[in-house]
Structure formats: C-alpha cells, structure tokens
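Each remark here refers to the structure printed beneath this line.
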Number of protein chains: 2
Amino acid sequence: MFSAGHHRILSALTRLGPMSRTDLARHLDLSKASVSTFVRDLIGRGVLRELELVFGQGRPSVMLGLCSDAASFVGISLHADPATVVLADPHGRVLARRVLPREADPERCFEALAAAVAAVRQEAGVEAGETAGIGVAQPGFVSRDRRICLASAALGWVDVDVAGRLSALTGLPVFIENDANALILGEQLFGPSGDCPDFSLVFVGDGIGSAHIVNGRLHRGHHGGAGELSHSPIAFDSQNALPCRCGNRGCLETVSSLQAIRGAARRAGLPADIATLATLAADGNPEALAILHRAGSALGIALAQLVQMFDPSQVVLMLDPALKESVFGIVLRQEMDNHVLRRSGVKTALILRGSEHETFATGAASLAAQHYLFGSNCT
Amino acid sequence: MFSAGHHRILSALTRLGPMSRTDLARHLDLSKASVSTFVRDLIGRGVLRELELVFGQGRPSVMLGLCSDAASFVGISLHADPATVVLADPHGRVLARRVLPREADPERCFEALAAAVAAVRQEAGVEAGETAGIGVAQPGFVSRDRRICLASAALGWVDVDVAGRLSALTGLPVFIENDANALILGEQLFGPSGDCPDFSLVFVGDGIGSAHIVNGRLHRGHHGGAGELSHSPIAFDSQNALPCRCGNRGCLETVSSLQAIRGAARRAGLPADIATLATLAADGNPEALAILHRAGSALGIALAQLVQMFDPSQVVLMLDPALKESVFGIVLRQEMDNHVLRRSGVKTALILRGSEHETFATGAASLAAQHYLFGSNCT
DNA sequence: GGAATTGGTTTATCAATCGAAATAAGACAC
DNA sequence: GTGTCTTATTTCGATTGATAAACCAATTCC
C-alpha cells in the first residue's frame, strides 16, 4: 500500500510533529523533489493534509500533518485485570474506550475482547478513520513473529495464538507485544520522547517492567527478554533477602514492586495499601519509612546500573503517584545519583510519570499504528 | 567509490565468509541479477575473486571471496603501554606488526606512531594491497564524529585531535574509537561472532571494559559511554568496599580488575603477580583463594546483570589465561549461572578467550576496514 | 543419453531519487 | 508602490538500483 518513501515521511511527521516539505527533505536526507511527489500522493490519499503557514524570510512554508481520520487503531492491554480496550487516532488520541474483566480462558477472553473492539469502533463512528489493525500488550514472552504468546505467568497462558484467534474474530490484522515493549513503543511513536534514539522506560506495578530503545529501535535481545530489570540481583547479600518467583533471592522485584511493598507492610503489621503507607511514612512512621526507603533505594541502584549499561538520554519511570511524592521517590533519585558515574557533568534525565492504566492500551495501539505508518520493516 | 549495493555484498562476504552469488542474493534479499552485476564490477576492480567450485545437485556454485590484497588496514592500539601497530588484510590477518613505547606527549606519540605505520607498510610490501586507512583504539571517551579524544585518564589526554594529526602525518584517513568498542567491532567484522546481531564483549585488564552489539550495530549510548560495566555498584554494601577512581565505592573495578586483584594481594602480603597468585590459590592458599573468589564472584554477578539487561546471544570474555583456569573462572561461571534468570532452558553462552594484546590492534584495524568495506553509513 | 536441478546472465522495464531550472509567495529596502 | 532578496515548492529530464522473466550453462541422477 505505502512504499518505503511514504513510510519514512509518515514516520517523521508522527514522531517529530508537523513540518514543511523542506524540513522533511532535510530530516530524511531526501531531495525536495522526492518529498514533493510523495507528499502530493499522501495528500491525495487523505492521509496527510496541509496545516497552517509559517512565515519566515522568504516564501512561507506549509506545515504538513497527519489527518486524524486517516486511520484508527485498536489497542488492547492485558497488562492487568481488568483489561482495557481503546480506539486511537494516528496521533495517539483515544477516541473510545472499554474496560472489561480479563478472562483466564483464552477463547472466552478473545470473544469478550472482540465484542469490546466492535463496541469502541462503533462508538467512535465515522469520525474515526478506517480501523487499520489491533495491537495487544500482554505480560510475558511473545514469539519472534509477534503472533503467539509463548508463556505468560500472569495470564496462565502457554503457546496461545493470540494474533491468529483475534484476527479471525475481528477480521483485522493483530500485532502482539510484551507489555513493557508496547509501552515504550507507544512512548516512541506518540510521546514526547519520539526523537530520542536511546532511552529507557521502567514501570513499577505489581511487578517491575522495563524496555529500551537503542539506536532508535526496540532492543528485544536474543531470547526476546532484554531489559529485564526486575530480576536484577540487588539485595542478594542482605541477610533478609527474600526468595523471588524466578527461583533466585534478592531480586529487585522482591523489594521494590508494589506487591513487595505491600507484603513488607503486611509483615510489619501496617496497612497494605500504597497510598496509606505513603501517608504513614510522611507522618514519620518508622516502619513505613523503612519499607519505602528500602524499596526506593533498591530501585535507585537498579536504575543507576541501567544508566551505566545503556547510557540512555533519558529514563522514563512510571510510578504510582503516591510513591512519586514519598520517601521512595526522594531516596530513589539520591541513590541513583550516587551510583551513576557522572561523566563530563551530563546527567541522564529521570522523568517520573504517573502510571495510568490506559497508557498500556495506547502503547498497544501504537503497534498497529507502526505497521500502518512504517510498514513491516520496523522490527 | 563503492555504492550501497557494493557495500552490502562486501559486508556479507566479510562477516559470513565466502559464498556464491545465489547465496548472496538469498542473504541480502536481492535479485540474482543485481548480485551478478555488482559482483562482476567488484571482480573487475580486483576486490573480489572467484574461489573454488562447490558441487551439489545442479550446476556447481562459484564461491566468492575478498582478495586479500584488495586493500590493507593499519590498526593502532593505545590500550596499554607499549602501544601496538599492525597492518591487517581484509580478512583481519596481521601482515606486519610493531610494538613501541606509548609516549605521553600527543605530538611525539603521533610522530612515533606515524613512523611505525610507515614501517609496517614497508615490511608488508607489495603483497599487501593499497592501505585504505588507519584505525585507532584508545582508552577513554571519543567525540561523536570519532576524530577527537575528548578525555582519556590513562593517556592523560584531553581534547586531542588524534584523527586530524595522524592523518596529517600519514596522509591516510584515520578513525578512532574507544578500546572496548574497537575490540567488539573487530570481533564482529573478523571474528566468529560476526553473524550474531546481539552479543557483548567484556575484557578484564588493568581496568574492566565492555561493549555491546545490539540489533547488529554497536551500542554507543547517548553520551558515548554505554556498556560501562566497570563501575557497576557490586560490592557497595560490604563493609570493606573500596573507593573507586570514579568517586563511588564498591565498583566492580575495585574488586575484579587486574589492578584490584594485585592490590588485594599486596595488602595480604602475597606476591602481586596474577600467575603466581593463581598458582598459590591452586595450591590451597586461603588468602589467594579468597581474593580470586571475591573477584570472580563479583564479575559473575556483573555478567549476570549484563545478561539480564542485554539478553545477548553470547558474551565474549577476554581474560588473562592464568585467571581463566583458576578459582576465578570457576566461581565466575557459577555465580553467573546462579543470578541469571533461566528462561525456557536457553542459556546464554559465555565464551572465555585469552586476552592478547594484538587483538586491540586488529580491532582498531577493523575500524578502517569497516569504512572501506561498508562506507560511512556504519555508525 | 536425456531429464532434472541448480547457478548465473541477459534484456526490457519499473520505480525511486536527484540536480537544476522554473515558479510561487512572501519580506524588505527604498 | 516597486523592485530585489529570500525561501518554499514544483516541474522536468536523467540516472541509478533493482526486478522479473526468459535464457544459457554445468553439473548429477537415472
């Protein structure tokens, strides 16, 4: 449908925002002639449109942008229960959403999801463009061709043909991806970090997930399990290192995940609720402080290691808002700063974000958007 | 000189070894027609030549290989004192070598190096092809355009225009690179790991260096300092964490580098020589055992973290042969296995290599070879 | 001695891209 | 106002990269 030239132009406009034909030629290292013909074609197809004029010295430049009704993309997050289904436009704006219980049985889950997909498409109506595809973000491992869920402990699935079944039920192309990877791809496509060729994303939920963009591309690793921060051996030589579900002891996940924090609170006889715990700590409760301190410190060290190893231009950390403001957040930064070898005064930016559930779904939608905008050559 | 098509063919033949035109077409996803024309051209230029026939079912295929006299490449290693200068052919074979003291003063250093370059070129004589360029491997940070040494603690250099000066003295194009990066690029181009899109390399010398190939390309990171394993906070909460030259305490380098091991030996009243220490440990000396155990264990944990984060298909570890066979090597593997989360039974291969000084120089030569073979689009 | 099989070349053709010239649309000086 | 300057965009051949399909070549297999 689109050629490589088309894809490059769409890619630049999506990631870097509206720009003129001449800007595009500069950015993509193409001749103005080529850009002109491609753009004419894309405008003719209703994918691009001319925006406002920008006045400078000579002739004003015509900014170009994606038509928001050029296409729409379904994003499904199975990251947590309940699952989320959204319909997004080419800018990553959510046009409609559904929240539904995450069924354990694959087939029933797919049926429920297919119904939700139909619902969001109907709700968005003609405003939205043709639906181009479905992206699915799910915890666990995904096959190399991104069609099959190889293993997901959280879902209890093994070798489930997610793409095949969902595609059969909806008639749309389906692309699946690990939840952390979907999140960072969404950030790259729709978020403000799109132009960074090297950045990392970490989220603290029940578990801890992470993903990395290296040289502008997602780093999947040889076994498809790159960037696993959660089983970093952080507290391995402490006397109270806890066993982890991975079989080792002292993994980051056993200290800094929400589950770990809640568990530690329970064991200390405190309420196992993050917000309450944060309030207690703010009021000076020593046990609450100790728990959050330990969790934040461990995560800070792990982030320092991440920065040392990957040297990203920035790290996006998605965090429960309550944690963000507590000792956790403060100690985290301190410990990270302590353990990062400062080179030439440059400090890697740590960007704290509140973790919203829908972010996973828009990340998932970005998978479908990627295929629409960039073709299949975006590994 | 060469076009993108040429470069792709040369790249495949260098990295993957000799193959037929049809193999090339398959590998590069090109039509047989295109391959044919490119190959004809390259043979005409004396870069490629037809090797033996391989007989199968139908018509036998003509294997193609690089002419070893197509070009030659100078490699300079400033990794340690003395410096090494080699002349290598397109297969990475060393045609001539010189070892010379590493001068502290940049200008005198360059003059000595230029003389050595002339010497190796003369020694190799007409057997070797036209010298295509010079690669320099040096400890420390290198500018983004790979021409200037921004800072090197080991050399005591700050903002030295290595490429400019050496180029002026020799009349050849010069490409510089961090020592670890040069090493892994050499491994990728000339070594047996060329076809792995994701692998890591770590070397234990006076310091500890590491580099990573991700998605088939060198991972430099945003500040050009990616993959720094040596300042991983490994022993940070031990009571005897040593201060590191980076300003922190308990870095991997303070425990597992050769310097650290020698230091620990001296403090324990043992001979500060790695080989002797290894022998002592083999004979059951408890202090020697403890030092090597601690060093190996720390490196093992760091490698486990590396594997968790990068998920490479293999890790190449370059080590002093004496260490390889000692407790160090054994504990290293154990600790690494303990801390790597095994997924689906696949184990990341750890390849131990004896570290030879010349390897850095051939790695440096590969920088020039890359530019000759693949053009400048190989960031 | 054919038939089958695989490797490599020729030819006509398509599509991407470029450079340079032409055209458009403003700002700016006077 | 008017002409000049600057920058944006389009038009127009020309070039290059790559292809498919047909063809020729060199073997093995039966």
Side-chain angles (χ1 to χ4, degrees), chain A residues 1-13 16-45 47-67 373-378, chain B residues 1-13 16-45 47-67 373-378:
Chain A
M1 168 146 182
F2 292 141
S3 77
H6 292 145
H7 287 314
R8 293 187 63 196
I9 286 181
L10 292 173
S11 162
L13 284 176
L16 279 57
M19 60 177 105
S20 73
R21 293 170 173 82
T22 312
D23 289 339
L24 277 171
R26 252 193 303 273
H27 262 284
L28 302 178
D29 216 22
L30 273 168
S31 70
K32 293 184 283 183
S34 314
V35 172
S36 249
T37 44
F38 282 129
V39 166
R40 185 183 15 258
D41 188 24
L42 285 170
I43 290 179
R45 299 197 202 196
V47 180
L48 246 51
R49 65 199 179 89
E50 302 193 323
L51 307 173
E52 79 285 355
L53 295 179
V54 170
F55 296 83
Q57 283 252 320
R59 173 172 170 177
S61 33
V62 187
M63 302 307 267
L64 300 164
L66 286 137
C67 293
L373 295 168
F374 313 155
S376 49
N377 53 345
C378 57
Chain B
M1 168 153 184
F2 293 140
S3 77
H6 292 146
H7 288 314
R8 293 187 62 196
I9 285 180
L10 292 173
S11 162
L13 284 176
L16 280 55
M19 60 177 107
S20 72
R21 293 170 173 82
T22 313
D23 289 339
L24 277 171
R26 252 194 302 274
H27 262 286
L28 302 178
D29 217 22
L30 276 169
S31 69
K32 294 188 290 177
S34 314
V35 172
S36 249
T37 43
F38 282 128
V39 167
R40 185 178 18 251
D41 188 26
L42 286 169
I43 290 179
R45 299 199 201 192
V47 180
L48 247 48
R49 64 197 181 92
E50 301 194 325
L51 305 174
E52 78 286 355
L53 295 178
V54 169
F55 295 84
Q57 280 245 313
R59 174 173 171 174
S61 36
V62 187
M63 302 308 267
L64 300 164
L66 286 137
C67 293
L373 294 168
F374 314 154
S376 49
N377 53 344
C378 56

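What you see below is based on every heavy atom in this structure, not just the backbone, and it leaves out hydrogens, waters and symmetry mates. Chain A is the first sequence line, chain B the second, and so forth, proteins listed ahead of strands; every chain is numbered from 1. Bear in mind that the values here come from a model prediction, so they are computed numbers and not experimental data.
- Considering every non-hydrogen atom in both S20(A) and S61(A), the closest pair reads CB-CB, 3.5 Å.
- At whole-Å resolution of the value, NZ in K32(B) and C1' in dT6(C) are 8 Å apart.
- For the atom pair L10(B) CG and L66(B) CG, the distance stands at 6.0 Å (nearest 0.5 Å).
- Of the two residues near DNA chain C, S31(A) and P60(B), the one whose nearest nucleotide lies more 5' is P60(B).
- R40(B) has its CZ atom 10 Å from the C1' atom of dG8(C), to the nearest Å.
- The distance between atom CG of L48(B) and atom P of dG8(C), rounded to the nearest whole Å, is 13 Å.
- Proximity of S36(A) to the phosphate of dT11(D): no side-chain N or O atom is located under 4.0 Å from OP1 or OP2.
- The side chain of V62(A) lies closest to dT9(D) when the candidates are dT11(D), dA16(C), dT9(D).
- Residue contacts for T37(B): at a heavy-atom cut-off of 4.0 Å it reaches no nucleic acid atom on any strand shown.
- Interatomic distance, CZ of R8(A) versus NE2 of H27(A), reported as 12.0 Å (0.5 Å rounding).
- Within 4.0 Å of D29(A), counting heavy atoms only, lie sugar-phosphate atoms of the nucleic acid but no base atom.
- Between the C1' atom of dT27(D) and the CG atom of L53(B) lies a distance of 10 Å, rounded to the nearest Å.
- The side chain of S61(B) lies closest to dG8(C) when the candidates are dG8(C), dA20(C), dA18(D).
- Out of dA26(D), dG19(C), dA18(D), the shortest distance to the side chain of S34(B) is found at dA18(D).
- The interatomic distance linking R59(A) (CZ) with dC28(C) (P) rounds to 18 Å, in whole Å.
- Considering only the side chain of S20(B), dG8(C) comes nearest among dA8(D), dA18(D), dG8(C).
- Checked against a 6.0 Å centroid threshold, the rings of H6(B) and F38(B) count as neighbours.
- Atoms CD (Q57(A)) and P (dG26(C)) sit 15 Å apart, rounded to a whole Å.
- Both V35(B) and F38(A) lie close to DNA chain C; mapped to their nearest nucleotides by heavy-atom distance, the more 5′-ward contact belongs to V35(B).
- Protein atom CZ of R21(A) is 14 Å distant from nucleotide atom C1' of dT23(C), rounded to whole Å.
- Closest to the side chain of T22(A), from the set dA8(D), dG8(C), dT17(C), is dA8(D).
- With rounding to the nearest 0.5 Å, the separation of SG in C67(B) from CG in L42(B) is 10.0 Å.
- Atom CG of L24(A) and atom P of dA8(D) are 12 Å apart (whole Å).
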